[in-house]
Structure formats: structure tokens, C-alpha cells
Amino acid sequence: MNGQQMQQQVNQTAWAACDTFRGAVDAGQYKDYILVMLFLKYISDLWNEHAEMYRKQFGDDEARIRRRLERERFLLPAGASFYDLYERRNEANIGELINIALERIEDANRSKLEGVFRNIDFNSEANLGRVRDRNRRLKNLLEDFAKPAMDLRPSRVSEDIIGECYIYLISRFASDAGKKAGEFYTPSAVSGLLAKLANPQPGNTICDPACGSGSLLIQASQQVGSDNFALFGQEVNGATWALARMNMFLHAKDAARIEWCDTLNSPALVEGDHLMKFDVVLANPPFSLDKWGAEHADADPFRRYWRGIPPKSKGDYAFITHMIEIAKRQSGRVAVIVPHGVLFRGSSEGAIRKALIEENLLDAVVGLPANLFTTTGIPVAILIFDRSREDGGANEDRRDVLFIDASKDFTPGKTQNVMDTAHVDKVLDTYAARAEIERYSHRASPEEIAENGYNLNIPRYVDTFEAEEEIDVAAVQKDIQLIEAELAAVRAKMAGYLKELGLDA
């Protein structure tokens with residue numbers, strides 16, 4: 001079986017396990033149970049295979065085998081593996097037993113897994129039903145993951161397949177969860193485009209201050225081309241933060257620092273009294289977040305809002321401002337997904353936008369198709385800010401802003417539109433060359449943007465109007481006359497037929 005077939009088999013078997021919960025548990029909740037069980041099964045299979053390898057090497061010397069196992073990426077306490085729970089799947093308190101096993105795993109691996117399982121309760125009556133129903137569901141779940149197709153030993157299934165299965169499940173949960181999915185998932189084509197536009201390089205520090213389940217950080221790390229990078233993230237939702245931590249572990253990105261915090265009001269990626277700085281900052285933050293903390297922005301200890309305080313009902317520029325402030329001076333790059341209102345809304349947002357443009361930080365505006373997200377059908381844009389355009393930076397002489405209108409480049413789907421590889425590559429090639437393409441892209445000068453009142457609405461810069469074919473009025477008139485003559489002849493024939501039949505009036 002090749003890698004693609006193996007991937008499909010693992011994906012399909014894991015997704016089928018969700019039937020245990022469908023109809024009884026909300027998709028936004030049962031995703032946690034499925035993903036935690038996938039995680040537990042993976043680390044159990046990994047541990048068991050390594051233990052077997054050491055037994056062949058050291059025979060019955062259990063103490064030596066244990067010492068070698070303790071050097072692994074993680075510790076799996078005795079009695080806490082998936083297989084221990086599977087053997088006890090008929091126990092009346094199986095939910096409690098699963099909770100205890102997860103707690104022991106967390107305690108044994110605090111540096112990597114502390115707090116990851118605190119938001120998941122396999123003994124919850126509210127989520128999983130009363131004892132009899134809960135036990136039946138958990139037994140089915142354990143049996144589903146014990147199937148041969150879910151044999152996740154490293155000798156059989158690569159780490160990439162496990163990580164991709166995790167992301168596959170998250171994407172399917174996003175489809176089921178609808179609008180709630182925005183808390184944890186960005187469509188892979190969009191996150192891939194954003195990561196490539198951010199262009200992380202070897203040695204870079206990469207941060208997503210609204211990281212969700214961490215998939216965008218994974219995408220960014222895959223662009224580097226080596227393991228020479230450091231990942232950082234912040235996430236306000238505890239359950240989603242736990243997904244991100246497990247996602248990093250399953251992708252062998254254990255060293256990633258993912259903080260559970262409110263990025264705008266109490267950021268945790270700090271050094272002393274200032275915010276940490278990064279080479280690359282990218283995010284798909286919540287659109288137009290209400291009650292984001294504007295009432296405290298004046299007293300922000302990190303002085304992020306010196307350009308102006310965004311409106312309390314729309315936090316878009318609060319996230320944008322934060323991202324720019326944590327990008328390294330004279331070199332940092334920022335790529336962020338925003339709703340189109342960010343491009344043209346006035347008042348305090350207009351003032352902030354003007355300041356960013358006059359600072360020469362804005363590098364590009366990329367308009368994307370509508371209906372790419374499960375959370376909203378509206379079209380969105382990507383803003384790219386480049387601090388190397390500042391005085392003293394490598395691109396300080398670059399003054400224009402590249403506008404790209406990719407809004408028509410998509411493949412329609414049943415529920416969502418999709419940007420295919422060709423659509424993504426067109427954006428990337430245009431951006432890399434800063435090319436001007438008729439009805440697709442334009443480099444606007446600072447003067448042109450100022451003349452437009454610092455309004456960044458893409459149609460002001462990229463003329464997508466399709467000229468209508470010129471009409472030959474004389475030829476159309478002649479056609480009309482011919483049609484009228486033919487119609488008169490047909491009417492005369494009809495009148496004759498009716499007269500023959502005695503039906504004329």
C-alpha cells in the first residue's frame with residue numbers, strides 16, 4: 001500500500017469513528033474526543049514499537065529498557081496507554097479511567113503537554129450522556145481506534161500521515177461545525193497561500209498571535225525547507241489551544257511555544273516589559289471582533305495603539321497593529337487575512353490605515369474570492385506589511401503598493417469555493433515579480449493612494465471592468481427588419497390555415 005492509499009485509509013477510519021457521536025453530540029464538542037483519542041493511540045503505538053525494539057536489543061533487562069524509553073520525546077506511564085484502556089472498555093467507569101490516564105500522561109510530560117487535557121472530560125454527562133449511553137459511546141470509540149487500519153506504529157505509518165490525518169479531521173469538523181469553525185481552522189489553500197506570501201526563511205522566528213489549532217504555523221514551518229526555525233503562537237480559546245499543542249506534537253514540532261492567553265489584552269509572548277519580536281508574523285484573526293478591549297487600549301503597557309485606537313466593535317486593526325508591533329524592526333514581515341471593510345472604513349480605522357501607509361509599511365493587498373471559509377461567505381483580503389521598507393531596511397526604496405485582484409480565480413464547490421494550485425501560483429508569481437497585469441494587478445504609488453483618500457478598495461486600483469462588445473446598430477436594425485418580415489409571413493400563413501379550417505374570426 002502506497003503512502004497516499006495509507007493516508008486515505010487512516011483518514012477514513014478516523015472519520016468513521018465520529019459516527020459514535022453524530023446526532024448525539026455537537027460537532028464542536030465531539031471533535032475534541034476524536035482528536036484526543038487519535039493522539040493517545042499514536043503515542044501508544046509509538047511507545048510500544050520503541051519498547052519492542054529495545055527488548056530485542058536488551059532482552060529481559062526491563063530497567064535498562066525503561067531508561068532508554070525515558071529518553072524518548074515523551075513518557076507513557078504504565079497502565080495509561082490506549083491498549084490498557086481498550087482492555088477495560090467494558091468497565092462501568094470507563095470515562096473516569098480515560099480521564100485518569102490522560103492526567104497521568106500530562107503529569108509525566110509537563111513541559112510539552114501541561115494543561116492540554118484539562119478542557120476534555122470523557123466522563124461528562126452533559127456532553128456524552130448518562131452512564132449507559134456514555135459507556136456505550138466510549139466503548140465504540142475505543143473499538144474503532146483498535147481496528148487494524150488504525151495501527152499507527154512508525155514502521156507502518158509515517159509521522160506525516162498522522163499529522164495530515166489530524167489536519168484532515170480538523171477540516172472535516174470545520175465543515176460540520178459551520179460558523180463555529182472559525183475558532184480553529186483556516187482552509188488549507190488559504191493558509192498555504194498566506195504562509196508562502198509570508199516567505200519564512202531558515203533561522204526565522206515565526207509567530208501566529210491568533211493561532212487556532214496551529215495549522216497555519218505548521219504550513220509556515222513547511223515553507224522553510226529545513227528544521228532551522230522556531231514557532232510561537234497565542235490562542236484565547238482553551239480547547240482550541242489544546243488542539244494546537246497536540247497538533248504540534250503530532251507534527252514533531254514539540255519545541256513550539258504555544259501560549260493560552262488573550263493576545264490583545266494579556267499577551268504572554270513577552271520578554272521583561274516588552275513584547276517579543278519575530279521575523280515572520282502571520283494570522284487569520286477573528287473578523288471584526290466586538291468587545292476586544294478598546295476601553296483599556298489607552299493604558300496598554302506595550303503602547304501598541306500609538307497610531308490610534310480601533311473602534312470597540314471592530315478589533316481588526318487591533319490585531320493588525322499588534323502584529324506589526326511584534327515584527328522585527330527593519331526586517332520583519334506580516335501577512336494577515338482581513339475582511340474588506342478594513343480596506344476602506346473611515347474614522348479611527350481610516351486614521352490608522354493612513355498612518356501605516358505613510359510609514360511605508362504596506363507592501364501588498366491581495367483580494368481573494370468569496371465563500372472560501374466555512375465561517376463566512378464574504379470575500380476577504382490578505383494584507384502584507386514589510387518592515388524592511390522602513391528607513392535602514394533592505395527595501396527602504398520601495399514606495400509602491402501592489403494590488404492583486406484574485407477574486408475571480410476559484411473553483412466552485414458544493415458548499416465552499418476553492419483556490420486551486422494554479423490560482424495560488426498566479427498570486428505568488430505576480431507578487432514575487434511585483435508584476436502589473438491588465439485587470440489583475442497594479443502597483444500604486446503613494447500619491448495615487450493619497451488621491452484616493454487612503455482608501456484601499458481594490459477596484460480603485462485594478463480595473464476589472466470587462467468592456468462590452470461594440471454593437472453595430474445599423475446591422476441590428478437590418479436584422480430586426482428581416483425578423484419582422486419573416487414574422488409577417490408566418491402570420492399570413494397561419495391566417496390562411498385558420499380560414500381553411502373555418503376557425504378564422
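For clarity, every value in this text was computed on a predicted model and none was experimentally measured. Nothing fancy with the numbering, it's 1 onward along the sequence.
- For the residue pair Asp363 / Tyr431, a side-chain donor-acceptor distance below 3.5 Å is found, with atom types taken as modelled.
- Between Trp15 and Tyr168, the two ring planes are perpendicular [angle over 60°; tilted spans 30° to 60°].
- Within the 4.5 Å cutoff, the side chain of Val224 has no heavy atoms near those of the Gln201 side chain.
- One finds a salt bridge joining Arg307 and Glu359 here, because a Lys/Arg side-chain nitrogen approaches an Asp/Glu carboxylate oxygen to under 4.0 Å.
- Within the 4.5 Å cutoff, side-chain heavy atoms of Ile320 are placed close to those of Leu356.
- Between the side chains of Glu436 and Ser441, not a single donor N or O lies within less than 3.5 Å of an accepting N or O.
- Counting heavy atoms from C-beta on, the side chains of Val336 and Pro285 come closer than 4.5 Å.
- Taking 4.5 Å as the limit, some side-chain heavy atom of Ile384 sits within range of a side-chain heavy atom of Arg333.
- Formation of a donor-acceptor pair under 3.5 Å by the Arg443 side chain with backbone atoms of Arg434 is found in this model.
- With hydrogens and angles left out, the side-chain atoms of Ser445 and Asp400 include no donor and acceptor closer than 3.5 Å.
- Looking at Asp254 and Arg73, a side-chain N of the basic residue comes within less than 4.0 Å of a carboxylate O on the acidic one, giving a salt bridge.
- Checked against the 6.0 Å centroid threshold, Tyr305 and Trp292 count as a close aromatic pair.
- When only modelled atom types and interatomic distance are considered, Arg389 and Asn395 share no side-chain donor-acceptor pair under 3.5 Å.
- Judged purely by distance below 3.5 Å, without hydrogens or angles, the side chains of Gln7 and Asn11 pair a donor atom with an acceptor atom.
- A donor atom on one side chain and an acceptor atom on the other are not found under 3.5 Å apart for Thr20 and Asn140.
- Residues Asp386 and Arg398 are in side-chain contact: their nearest non-hydrogen atoms beyond the backbone lie under 4.5 Å apart.
- Not counting sequence neighbours, the partners of Asn265 by the side-chain hydrogen bond (donor to acceptor under 3.5 Å, both in side chains) test are Asp262.
- Each of Ile258, Asn247, Ile218 was scored for a side chain to side chain contact (heavy atoms under 4.5 Å, CB included) with Lys253, with one residue passing: Ile218.
- Arg110 and Asp107 are joined by a salt bridge, as a carboxylate oxygen and a charged side-chain nitrogen come within less than 4.0 angstrom of each other.
- In this structure, Arg245 and Trp260 have side chains that are not in contact, with every pair of non-hydrogen atoms separated by 4.5 Å or more.
- His322 has its side chain within reach of Arg304: a pair of non-hydrogen atoms, C-beta onward, lies under 4.5 Å apart.
- Taking the six-membered ring for Trp and thresholds of 30 and 60 degrees, Phe249 and Phe74 have ring planes more than 60 degrees apart, a perpendicular arrangement.
- Side-chain polar atoms of Ser313 and Asp290 form no donor-acceptor pair below 3.5 angstrom.
- A donor-acceptor pair shorter than 3.5 Å can be found between the side chains of Asp121 and Asn99.
- Using a cut-off of 4.0 Å between Lys/Arg side-chain N and Asp/Glu carboxylate O, Asp409 and Lys426 are scored as salt-bridged.
- Side chain to side chain, Tyr33 and Asn127 meet the donor-acceptor criterion of an N or O pair below 3.5 Å.
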